Amino acid sequence: MPSIAQQAQDFFYMHAGYGFDPAKETEHQGRTRGAKLLAKVEQQAFKRGFYFRWSVDPHCDSGEFSDEKPAWQLWQCAMYNKHGRIVNSLHGIDFGRDGEPCNDPYRRIVEAEFAIDGLTNIPQ
């Protein structure tokens with residue numbers, strides 16, 4: 001059975017976006033590099049006590065970008081440090097009609113990308 005670190009890397013390889021420099025690496029190498037980074041920062045953020053809270057965004061809905069009726073709810077995510085202070089947030093996250101972050105892979109990707117910022121730019 002793969003290690004937890006390998007399972008995380010496999011998850012991000014499959015679900016996260018990626019970029020690569022064709023002059024230096026293959027698409028697979030770039031995708032693997034990105035997946036490794038997201039898996040690493042996800043684990044580091046957890047160890048350092050960062051956590052996330054998701055809720056329905058009360059300030060906007062899909063009517064902001066879609067004419068489809070009825071409009072559906074959008075979500076927001078806040079990242080907290082170990083002291084309970086919000087250090088990052090994102091609003092207007094679309095999981096689609098009847099979608100929610102609980103069962104959507106995008107939730108984990110948003111949190112890992114927050115972790116990159118939290119581990120590099122935010123005082124602990």
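Small disclaimer: the values here were computed from a predicted structure and weren't measured.
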J.: Run Thr32 and Tyr13 through side chain to side chain contact (heavy atoms under 4.5 Å, CB included) and show every step you take.
T.: CA-CA 6 Å; Thr32 299; Tyr13 186 92; 3.5 Å; yes
J.: Calculate, to the nearest 0.5 Å, the distance between atoms CG and CD belonging to Leu37 and Glu113 respectively.
T.: 9.5 Å
J.: Just to verify, which of Trp54, Tyr106, Phe52 counts as forming a side-chain contact (heavy atoms from CB on, under 4.5 Å) with Pro101?
T.: Trp54
J.: Is there a side-chain contact between Phe20 and Arg31 in this structure, where contact means two heavy atoms from C-beta onward sitting under 4.5 Å apart?
T.: no
J.: Under a 4.0 Å N-O cut-off, is there an ion pair linking Glu111 with Arg107?
T.: yes
J.: Please indicate whether Asp67 has more than 12 foreign heavy atoms, meaning atoms of other residues, nucleotides or ligands, lying under 6.0 Å from its CG.
T.: no
J.: Would you say Phe46 ends up clustered with Ile109 if hydrophobic residues are merged whenever their side chains have heavy atoms under 4.5 Å apart, either directly or through other cluster members?
T.: no
J.: Spell out, yes or no, whether Val56 and Ile93 are grouped together once hydrophobic residues are joined by side-chain heavy atoms under 4.5 Å, including indirect joins.
T.: yes
J.: Please test Arg33 against Glu25 for side chain to side chain contact (heavy atoms under 4.5 Å, CB included), starting from the C-alpha separation and ending with a verdict.
T.: CA-CA 10 Å; Arg33 178 179 40 79; Glu25 62 190 349; 2.6 Å; yes
J.: Please name the pair of heavy atoms, one in Ala5 and one in Ala39, separated by the smallest distance, quoted to 0.1 Å.
T.: O-CB, 4.3 Å
J.: Are Arg97 and Pro70 side-chain neighbours, meaning at least one heavy-atom pair lies under 4.5 Å?
T.: yes
J.: Quick one: pull up CE in Met14 and CD in Gln9 and give me the separation to the nearest 0.5 Å.
T.: 12.5 Å
J.: State, to 0.1 Å, how close Glu68 and Ser66 come at their nearest heavy-atom pair, and which atoms those are.
T.: N-OG, 3.1 Å
J.: Quick one: pull up CD in Gln73 and CD in Glu100 and give me the separation to the nearest 0.5 Å.
T.: 8.5 Å
J.: Do Asp61 and Trp72 touch side chain to side chain, with heavy atoms closer than 4.5 Å?
T.: no
J.: Please determine whether residues Leu38 and Tyr18 belong to a single hydrophobic cluster, defined as Ile, Leu, Val, Met, Phe, Trp and Tyr linked transitively by side-chain heavy-atom distances below 4.5 Å.
T.: no
J.: Return the minimal non-hydrogen interatomic distance between Cys60 and Gly92, and the atom names on each side.
T.: SG-CA, 3.8 Å
J.: Does Pro58 reach the side chain of Gln76, with side-chain heavy atoms less than 4.5 Å apart?
T.: yes
J.: Taking all heavy atoms of Gly63 and all of Ala71, pick out the closest pair and write down the distance.
T.: N-CB, 3.8 Å
J.: Kindly assign one of parallel, tilted or perpendicular to the pair Phe95 and Trp75, based on the angle between their ring planes and the thresholds 30° and 60°.
T.: perpendicular
J.: Counting C-beta onward and ignoring hydrogens, is there a side-chain heavy-atom pair between Gln29 and Lys24 closer than 4.5 Å?
T.: no
J.: Once rounded to the nearest 0.5 Å, what's the spacing between atom NZ of Lys36 and atom CD of Gln6?
T.: 8.5 Å
J.: Which atom names give the shortest non-hydrogen contact between Ile86 and Tyr80, and what distance separates them?
T.: CG1-CE2, 3.3 Å
J.: Contact between Ile116 and Val41 at the side-chain level, heavy atoms closer than 4.5 Å - yes or no?
T.: yes
J.: Rounded to the nearest 0.5 Å, how far apart are CG of Asp94 and CG of Asp57?
T.: 11.5 Å
J.: Any side-chain heavy-atom pair from Glu42 and Arg108 closer than 4.5 angstrom?
T.: yes
J.: Taking C-beta and beyond as the side chain, do Leu119 and Phe50 meet within less than 4.5 Å on heavy atoms?
T.: yes
